[in-house]
Trainee: 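Have a look at the structure that comes next, please.
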Amino acid sequence: MSHFRVFFKKEMVEHIRTYKLLIMLVVFFIFGIMNPLTAKLTPELLEKFMPEGVLISLPEPSSIDSWAQFYKNITQMGLIVTVLVFSSVLSSELSKGTLINLLTKGLSRTAVIMGKFAAMLTIWTASLATAFVTTWGYTVFLFSDDYSANLFSSVFCLWLFGVFILAVLLCSSTLAASSYGALLLTGAAAVCLAILNIFPKAWKYNPLSLAGKNMELVTNSIMFSSLSYAIGVTVAAAIALLAAAVLIFKRKQL
Amino acid sequence: MDVFKEYWPILLPLIIAEVALMLAALRHVLKHRNYRFGTRAFWIPVVVFIQIIGPIAYFIFGRGED
C-alpha cells in the first residue's frame, strides 16, 4: 500500500512537470466554454452569413443544444486528447529504463500499474469536472430554461466510459512495445465496440452506450436504469482489464 | 464587435485560456534546444498561430526530454 502511495505521488509530479495536467485542464476548460457559446451563436452566425433573401427559420437555441455540444465534443475530441496525452504513460518509462532501478530495489509491479491508473483517473476526473462545471455555469447563464434533465447521471456515464477507456489504454500499453502500438490497440478496441453496436440488442450491454446515450438521458427519453447492464459490464470490464494489465506487466521482460 | 460586447463574460476567459496555453508552450519552445522532431523555426509559428491545437501538438508530440 505504501508503495502504491509513493508511486502515485511520483506519477502526479511527473504529470505536472510534463505539462500533462495543464493540457488536460486547459483543453477541457476551453471545451467547457465553447459548448454553450457554440449553441448560442450558431443561429446568429448562420443568419449573418446567409445570402440576401434566403430565409431560414431556426428554433431558438436552448440548454439542450448546449449539452448536445458538450457530449459531442467530450466524447470525440475530449477522449481523443485524453488518450493521446496518456498514450506514452508506460512506454516512455520502459524505453528510458527509469523503472528498472525502482523495480530491482523492490517496488512491486502491481503498485506501478495501480499507481499509474490512479493518477490517470485523478486527472481525467478533474478535467471532466472542469468541463462539466464550466458548461453548466454558462448554460445556466445563457439559457434560463429547465429542459435539461439527468445532468449528473448522464455525465457519470461519460466519466465511467472514460475510466474504461483508460483501463483499455493501460492494458494495451503493457501489451504493446511503443506508445503508437498502445494507441492502435485502444483504437481497435473502440472500433470493435462500435461494430458491436450494429446489433440492435447490443446497446443494452455495450460500454459505448455510456458515451452515446447521454443526450437521451438529458432529454429524458430513456431511463437511467435502462443503462444499468451497460454500467455493470463496463465496471466488470475495467476491473478485468486492470487485472490483466497487472498480470501481463508482471511477466513482461524489461 | 457587438458580439464581443454582448458575450464578453464568455469570450474573455476563453481568450485568456488560449493565450495562457500559447505562452506556456512558447516558453517551453524557447527554453529547450532538443525537440522530438522539427526545429525551433518550425515550432514557434505552430505554437503561436495555430490556436489550441498548436500548443497541444507541441506538448504531446514535439516536446523533447530534458
Side-chain angles (χ1 to χ4, degrees), chain A residues 14-45 47-48 66 73 77-78 80-89 92-93 95-98 130-131 133-135 137-143 178-180 183, chain B:
Chain A
E14 187 171 332
H15 286 320
I16 293 168
R17 292 217 179 126
T18 53
Y19 295 85
K20 283 179 178 153
L21 183 66
L22 175 88
I23 298 175
M24 288 288 288
L25 287 180
V26 173
V27 166
F28 276 75
F29 176 68
I30 289 173
F31 278 140
I33 296 186
M34 296 267 262
N35 302 321
L37 196 64
T38 320
K40 186 82 182 174
L41 291 184
T42 305
E44 282 184 32
L45 287 178
E47 245 164 53
K48 249 178 212 152
S66 176
N73 283 333
M77 284 303 289
I80 289 173
V81 169
T82 310
V83 170
L84 277 178
V85 162
F86 291 126
S87 62
S88 57
V89 69
S92 71
E93 280 197 275
S95 66
K96 274 186 286 177
T98 43
T130 309
V133 169
T134 318
T135 298
Y138 280 119
T139 302
V140 170
F141 173 70
L142 284 176
F143 311 100
S178 71
S179 61
Y180 297 107
L183 277 180
Chain B
M1 275 324 272
D2 294 346
V3 173
F4 189 80
K5 246 179 222 162
E6 201 178 336
Y7 295 111
W8 71 267
I10 311 177
L11 291 170
L12 201 64
L14 186 64
I15 293 166
I16 291 172
E18 281 179 14
V19 171
L21 198 61
M22 188 259 274
L23 288 179
L26 187 63
R27 205 173 130 239
H28 198 278
V29 171
L30 292 177
K31 270 187 152 180
H32 294 76
R33 290 210 157 271
N34 301 316
Y35 312 109
R36 223 170 289 163
F37 68 91
T39 57
R40 190 169 282 183
F42 166 74
W43 280 115
I44 290 176
V46 165
V47 160
V48 174
F49 293 114
I50 308 177
Q51 284 303 315
I52 309 176
I53 314 264
I56 296 172
Y58 171 69
F59 279 128
I60 295 179
F61 301 115
R63 191 180 56 83
E65 302 300 336
D66 294 332

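Source: prediction; values computed, not measured.
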Trainee: In terms of heavy-atom proximity below 4.5 Å to chain B, should A:Thr134 be classed as side chain, backbone, both, or neither?
Mentor: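 Neither part; nothing is under 4.5 Å.
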Trainee: If contact means a heavy atom pair closer than 4.5 Å, which residues of residues 28-37 of chain A contact chain B?
Mentor: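 Within residues 28-37 of chain A, the residues that come under 4.5 Å of chain B (heavy atoms only) are A:Phe29, A:Ile30, A:Ile33, A:Met34, A:Leu37.
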Trainee: Picking from B:Ile60, B:Ile10, B:Ile56, which has the most non-hydrogen pairs under 4.5 angstrom with chain A?
Mentor: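 Heavy-atom pairs under 4.5 Å are most numerous for B:Ile10.
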Trainee: Sequence neighbours excluded, which residues qualify as side chain to side chain contact (heavy atoms under 4.5 Å, CB included) partners of A:Val133?
Mentor: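 Checked A:Val133 against side chain to side chain contact (heavy atoms under 4.5 Å, CB included); zero matches.
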Trainee: Which region of B:Pro9, side chain (C-beta onward) or backbone (N, CA, C, O), has a non-hydrogen atom less than 4.5 Å from a non-hydrogen atom of chain A, or is it both or neither?
Mentor: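 Both parts, heavy atoms under 4.5 Å.
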Trainee: How about B:Arg27: does its CZ atom have over 12 heavy atoms from other parts shown lying under 6.0 Å from it?
Mentor: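 Count not over threshold, so no.
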Trainee: Within a radius of less than 6.0 Å around OH of A:Tyr180, do more than 12 heavy atoms belonging to other residues, nucleotides or ligands occur?
Mentor: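 At most 12 heavy atoms, drawn from other residues, nucleotides or ligands, come within 6.0 Å of this atom.
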Trainee: Working note: B:Phe59 + A:Thr18, criterion side-chain contact (heavy atoms from CB on, under 4.5 Å); need CA distance, chi angles, decisive distance, verdict.
Mentor: CA-CA 8 Å; B:Phe59 279 128; A:Thr18 53; over 6 Å; no
Trainee: Set out, in order, the CA-CA distance, both residues' side-chain angles and the distance that settles side-chain contact (heavy atoms from CB on, under 4.5 Å) for B:Tyr7 and A:Lys40, then state yes or no.
Mentor: CA-CA 10 Å; B:Tyr7 295 111; A:Lys40 186 82 182 174; 3.4 Å; yes
Trainee: Identify, with sequence neighbours excluded, every residue that meets ring-ring contact (aromatic ring centres under 6.0 Å, His included) alongside B:Phe49.
Mentor: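 For B:Phe49 there are no ring-ring contact (aromatic ring centres under 6.0 Å, His included) partners, ignoring immediate neighbours.
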Trainee: Using non-hydrogen atoms only, which part of A:Lys20 is less than 4.5 Å away from chain B: side chain, backbone, both, or neither?
Mentor: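 Neither part.
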Trainee: For B:Lys31, look at atom NZ and say whether over 12 heavy atoms of other residues, nucleotides or ligands are found less than 6.0 Å away.
Mentor: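 Atom NZ in B:Lys31 is not packed in, count stays at 12 or less.
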Trainee: Please verify the inter-ring angle class for A:Tyr19 with B:His28; under 30° counts as parallel, over 60° as perpendicular, anything in between as tilted.
Mentor: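 A:Tyr19 and B:His28: perpendicular rings.
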Trainee: Sort B:Ile52 into side chain, backbone, both or neither according to what part of it lies under 4.5 angstrom from a heavy atom of chain A.
Mentor: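 For B:Ile52, the contact with chain A is made by the side chain alone.
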Trainee: The criterion is side chain to side chain donor-acceptor pair (under 3.5 Å); which residues satisfy it with A:Ser87, sequence neighbours excluded?
Mentor: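 Residues passing side chain to side chain donor-acceptor pair (under 3.5 Å) with A:Ser87: none at all.
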Trainee: Check each atom of A:Val26 against the heavy atoms of chain B and say whether the ones under 4.5 Å are side chain, backbone, both or neither.
Mentor: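 Side chain only.
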